[in-house]
Amino acid sequence: MGTLITVAPTGAESRKADVPALPVTLEELVSTAEECEALGASVIHVHIRDGQALPSLDPVRLRDTVAALREATRLIVQLSTGGAVIDPESDRLAVLDAAPDMASCTMGTVNFGDDVFLNRWEFIVSLHTAMQERQIVPEYEIFDLGHLWSLARLLDKHGLPYGGHVHVDFVTGVPGGMPGTAELVVAAKQLAAQVLPDGFTFAATGIGRTTLPVLLASLSAGGHLRVGMEDTITYAKGQPVESNMQLVARAAGFARLAQRPPVSVAEARTMLGIRTAEPATA
Ligand code: KMH
Ligand code: ZN
């Protein structure tokens, strides 16, 4: 089995002033996407910024971003519905109006450093059912083991996602969520295998310095990878990440060493159950 590599290039947490290499304009995002696609990424997890480089869920910017990424790349475009911790539910739900291929759907509330990333059950149900109606494939974000149990309940009560395939991402190493360790990746995989439908796939990412142990554990455990400056801004001790490409190249290199080379975008679409033809964005 090959490795699906998702790049999460921007996020909502780092400030451009602190991390000058962070792609925040549409031009920076598109050129990052093109280069990461060439290096082996097949999915891009997108948070956008406004004219001041602050996190934004502006509907026009979101639509323009989806259109620009589709024009310049073949990547699967996954918009974040998580946004920033201060974003209201209505704006987060409205992200789906931009008609991405995929969108994130976080499966529960989690302490997020000094903040709270709020994901009420009813909001999760709204996201899940809206994605079913709009033929958008969710990536279920799992910040803690209990989120897997919530996902099992969601699928039981509200049915499978569009396309019928369940793909989860273990987001580890957030202060307040599950730790970024090999043991945790294995535990999450084992719990997922108990409670999720057969054939589910998982990726894992580790925030900050947990990126490497989690990447290696996920590859060993049959999982996929998410990397990018949303999650990691230090490449090695004392060495800031120079670009998202550096992180994707490292992930693709490890995947090849593990005899699980990066999958193509077409293979990723089939794996995830995504529409083969991109919808019109106009
Ligand atoms: N920025 C975090 C509060 C997602 O993209 O869906 C939420 C997050 C998850 O990044
Ligand atoms: Zn995100």
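Remember, it's 1-based here, ligands and their atoms both numbered in the order they're listed.
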Report every pair formed by an N or O atom of ligand 1 and a protein N or O atom separated by less than 3.5 Å, giving atom names and the distance to 0.1 Å.
residue, atom, partner, partner atom, Å
ligand 1, 1 (N), Glu13, OE1, 3.4
ligand 1, 1 (N), Glu13, OE2, 2.8
ligand 1, 1 (N), Gly83, O, 2.7
ligand 1, 5 (O), His45, NE2, 3.0
ligand 1, 5 (O), His47, NE2, 3.0
ligand 1, 5 (O), Ser80, OG, 2.6
ligand 1, 6 (O), Gly82, N, 3.4
ligand 1, 6 (O), Ser104, OG, 2.7
ligand 1, 10 (O), His47, NE2, 3.4
ligand 1, 10 (O), Glu230, OE2, 3.0

By salt bridge (Lys or Arg N to Asp or Glu O under 4.0 Å), Arg15 pairs with (sequence neighbours left out) Asp18
State which residues pass ring pair (Phe, Tyr, Trp, His ring centres under 6.0 Å) with Tyr162; sequence neighbours excluded, sorted by chain then number.
none
What orientation do His158 and His128 show, parallel under 30°, tilted 30 to 60°, or perpendicular over 60°?
perpendicular
Going through the distances and angles, do His45 and Thr6 end up as a side-chain hydrogen bond (donor to acceptor under 3.5 Å, both in side chains)?
CA-CA 7 Å; His45 169 86; Thr6 297; over 6 Å; no
Check Asp101 with Arg70, please: is the shortest side-chain N to carboxylate O separation under 4.0 Å?
yes
Presence of salt bridge, Arg49 and Glu28, under 4.0 angstrom
no
I'd like to verify the contacts: list protein N, O or S atoms under a distance of 2.8 Å from the Zn ion (ligand 2).
His45 NE2, His47 NE2, Glu230 OE2
Say whether Val95 and Leu26 are linked into one hydrophobic cluster, either directly or through other cluster members, by side-chain heavy-atom distances under 4.5 angstrom.
yes
Do we see a donor-acceptor contact under 3.5 Å between the side chains of His147 and Tyr140?
no
Is any side-chain N of the basic residue among Asp231 and Arg226 closer than 4.0 Å to the acidic one's carboxylate O?
yes
